[in-house]
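Only this structure's heavy atoms are used, side chains among them; waters, hydrogens and symmetry mates stay out. Remember, it's 1-based here, ligands and their atoms both numbered in the order they're listed.
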Amino acid sequence: MTATIKLDLDRRLGTVDRRILSGFAEHLGRCIYGGIFDEGSPLANEHGFRTDVIEAVKALRPPILRWPGGNFVSGYHWTDGIGPRDQRPRRLELAWHSEESNRFGTDDFLRFCEVVGAEPYLCVNMGSGSMDEAQAWVEYCNGDGCTEWAQRRRDNGHEGPYGVRYWGLGNEMYGSWQIGALSAEDYVKRAREFAKVMRWTDPGIELVGCGENGLSDWDRVVIEGLADTVAWHSIHIYTGSDDYWTNVLTPHQAERALRRTAALIDAVRYRQRIEHPIYVAYDEWNVWFREREAGLEERYTLADALAVATYLHAFVRHCRVVRMANLAQLVNVIAPIVTSSDSLFRQTIYHPLRLFADHLRPIALDVHVDCDTHDLVAVEVPGGWPHRVADLGPFPVLDVAATASEAGDGLTVSVINRSPSDVIDARIRFADVTEPRAATVERVLGPDPAATNSFEHPDRVDVHTEILDDFGDGTLLQLPAHSHTVVTIGEEGRP
Ligand code: AHR
């Protein structure tokens with residue numbers, strides 16, 4: 001099969017925000033305990049952090065980490081997790097039906113962020129939590145006065161304010177599974193009061209309104225109700241299916257959601273004469289459909305990695321509205337990294353994430369692709385999510401996203417060949433005549449779409465690198481079946 005990929009450095013879609021590469025860690029299963037934090041492990045440092053996890057996370061360079069939930073946060077009292085560890089209460093945890101030791105808390109998380117070079121994003125408890133608690137949390141983290149909470153932070157070993165910039169106003173407050181779920185109208189009322197005291201405590205913070213999936217009436221009511229006070233509107237969509245094509249194509253639902261959310265925000269900002277921008281924080285996304293109970297230790301296939309790469313492409317294409325996205329989650333729980341007591345392995349989905357971390361550049365280009373298409377036949381697979389994307393097709397078998405450096409001397413082209421069976425030779429065309437240049441070609445490859453990594457076979461799906469001396473107009477780029485290929489030209493592309 002052949003295809004054509006046309007690149008024009010002048011056709012710019014907008015500026016890509018690196019915060020789309022952010023992460024999320026929840027007190028759930030083995031994400032915190034036994035993942036990030038593993039007291040007593042020979043691999044743990046003096047703070048109890050797993051050093052091998054730190055290295056694996058650092059390579060993904062997440063600009064922001066969201067914490068502590070997720071559903072967990074709606075029953076979480078942050079004051080339980082500060083001060084001397086041995087005096088912290090052990091609580092019944094109702095979101096995931098477990099027990100919370102509170103041995104990892106606010107100061108531990110903020111230290112972890114510092115260690116991996118990420119900015120923290122704290123989500124407040126709007127379920128069982130009070131306005132006072134949310135206000136006090138901002139004061140504990142960011143206060144520089146002589147107040148009780150700022151002093152408690154100093155007593156706990158952090159003299160200066162942490163300066164936590166991002167604060168979420170609750171998690172999935174629309175859902176019956178959420179402790180303290182609310183109607184959209186009641187949520188808006190309550191969130192406005194939380195927002196008020198949090199911003200009076202620190203006017204520098206950026207608040208994230210709790211959206212749904214970008215497509216619901218909840219989203220409309222919340223954007224209308226909070227537009228004057230929030231900088232962000234959050235949405236969550238997970239996808240996944242045992243049906244190969246459904247699995248790799250459903251991430252396009254993210255594009256529908258982003259289009260709809262962008263339109264809502266635009267209309268509300270116009271009608272309410274809101275000057276400040278409001279961006280989408282897509283603060284939970286991933287393939288997730290297999291492990292819906294206890295621990296959520298999903299094992300990812302190569303097909304899932306292609307889906308994850310498609311999400312990343314969607315964020316690049318919609319870079320004007322989505323300025324933050326948080327992969328759910330970081331370690332063990334629906335995660336790219338899996339630990340045991342003495343080692344870890346990288347799941348298939350780790351690889352596209354790492355390639356984006358290394359090679360994403362600031363300008364999104366409007367790529368033209370000419371290739372075969374696939375019509376999705378809607379199939380209902382038990383256990384999958386009810387997203388329907390067939391109407392968005394036919395889908396190009398190749399999904400391509402390209403980003404360039406400001407000056408146009410660096411270029412990254414990311415291509416997903418979603419054909420489960422066919423190699424595709426793609427002819428590269430440049431709008432302007434350019435000298436052929438050396439390019440690095442990195443391919444995420446595996447024996448078949450169902451291939452997974454494991455402790456026994458950590459590299460079954462891995463990145464294979466090739467150097468091309470003369471990549472330019474007319475180059476024929478070989479794209480193996482079920483693969484993700486990233487071509488980089490010019491300066492490293494690291495910020
Ligand atoms: O990431 C797992 C869960 O998915 C989160 O706790 C919740 O916010 C979402 O439903």
Side-chain angles (χ1 to χ4, degrees), residues 22-33 35-36 62 64-76 78 93-98 100 104 109 121-129 166-182 187 191 208-216 218-219 222 232-240 250-251 253-254 257 280-300 304 307-308 311 324-338 347 349 353 383-387:
S22 296
F24 166 45
E26 177 170 2
H27 288 240
L28 195 186
R30 299 193 305 127
C31 182
I32 304 291
Y33 304 106
I36 287 171
I64 296 171
L65 290 179
R66 177 173 180 255
W67 179 84
N71 299 340
F72 169 80
V73 78
S74 298
Y76 179 59
W78 68 271
E93 196 288 296
L94 298 177
W96 302 101
H97 314 292
S98 63
E100 171 56 49
F104 185 94
F109 174 68
Y121 163 14
L122 301 183
C123 185
V124 304
N125 176 356
M126 283 192 59
S128 69
Y166 309 104
W167 293 83
L169 294 167
N171 177 73
E172 297 188 354
M173 294 305 299
Y174 51 86
S176 58
W177 56 90
Q178 206 68 211
I179 297 168
L182 296 165
Y187 169 73
V208 186
C210 171
E212 189 175 354
N213 52 22
L215 297 165
S216 72
W218 170 283
D219 289 289
V222 168
W232 303 85
H233 179 77
S234 89
I235 60 172
H236 296 172
I237 295 180
Y238 293 95
T239 56
T250 333
Q253 180 76 343
V280 173
Y282 201 135
D283 56 17
E284 289 186 29
W285 70 273
N286 203 346
V287 174
W288 170 34
F289 65 104
R290 301 178 184 92
E291 304 295 335
R292 304 281 276 271
E293 307 286 331
L296 277 46
E297 298 222 6
E298 193 101 345
R299 285 293 168 271
Y300 287 111
D304 299 335
V308 160
Y311 272 106
M324 184 198 307
N326 306 65
L327 179 85
Q329 297 194 7
L330 197 60
V331 189
N332 292 327
V333 175
I334 47 173
I337 301 161
V338 176
Q347 297 228 60
I349 62 168
L353 295 163
W385 300 95
H387 303 304

Provide, to 0.1 Å, the distance between atom 1 (O) of ligand 1 and the closest protein heavy atom, together with that atom's residue and name.
Y238 OH, 2.8 Å
Short N/O distance, under 3.5 Å, between W177 and ligand 1?
no
What protein heavy atom sits nearest atom 10 (O) of ligand 1, and how far away is it?
E172 OE1, 2.7 Å
Starting from atom 6 (O) of ligand 1, find the nearest protein heavy-atom neighbour and note its residue, name and distance.
E26 OE1, 2.6 Å
So is W96 touching ligand 1 or not, going by heavy atoms under 4.0 Å?
yes
Can you classify the ring geometry of W177 versus Y174 as parallel (below 30°), tilted (30 to 60°) or perpendicular (above 60°)?
perpendicular
Does any N/O atom on N71 come nearer than 3.5 Å to any N/O atom on ligand 1?
yes
Closest heavy-atom pair and its distance - E26, W96:
OE2-NE1, 2.9 Å
Check F72 against ligand 1 and report side chain, backbone, both or neither, counting heavy atoms closer than 4.0 Å.
neither
Is there a nitrogen or oxygen of E284 sitting under 3.5 Å from a nitrogen or oxygen of ligand 1?
yes
Looking at side-chain heavy atoms only, is the closest gap between E284 and E172 below 4.5 Å?
yes
Determine, step by step, whether V331 and R30 satisfy the side chain to side chain contact (heavy atoms under 4.5 Å, CB included) criterion, reporting the C-alpha distance in whole Å, the side-chain angles of both residues, the deciding distance to 0.1 Å, and the verdict.
CA-CA 7 Å; V331 189; R30 299 193 305 127; over 6 Å; no
Quick one: does I334 get within less than 4.0 Å of ligand 1, heavy atoms only?
yes
Check the pair Y187 / M126 against side chain to side chain contact (heavy atoms under 4.5 Å, CB included), numbers first and verdict last.
CA-CA 9 Å; Y187 169 73; M126 283 192 59; 3.7 Å; yes
Hey, are the side chains of H387 and Y238 touching, using non-hydrogen atoms and a 4.5 Å cut-off?
no
For a side-chain hydrogen bond (donor to acceptor under 3.5 Å, both in side chains) check, start with the C-alpha distance between N332 and E297, then their side-chain angles and the critical distance, and finish with the verdict.
CA-CA 6 Å; N332 292 327; E297 298 222 6; 5.0 Å; no
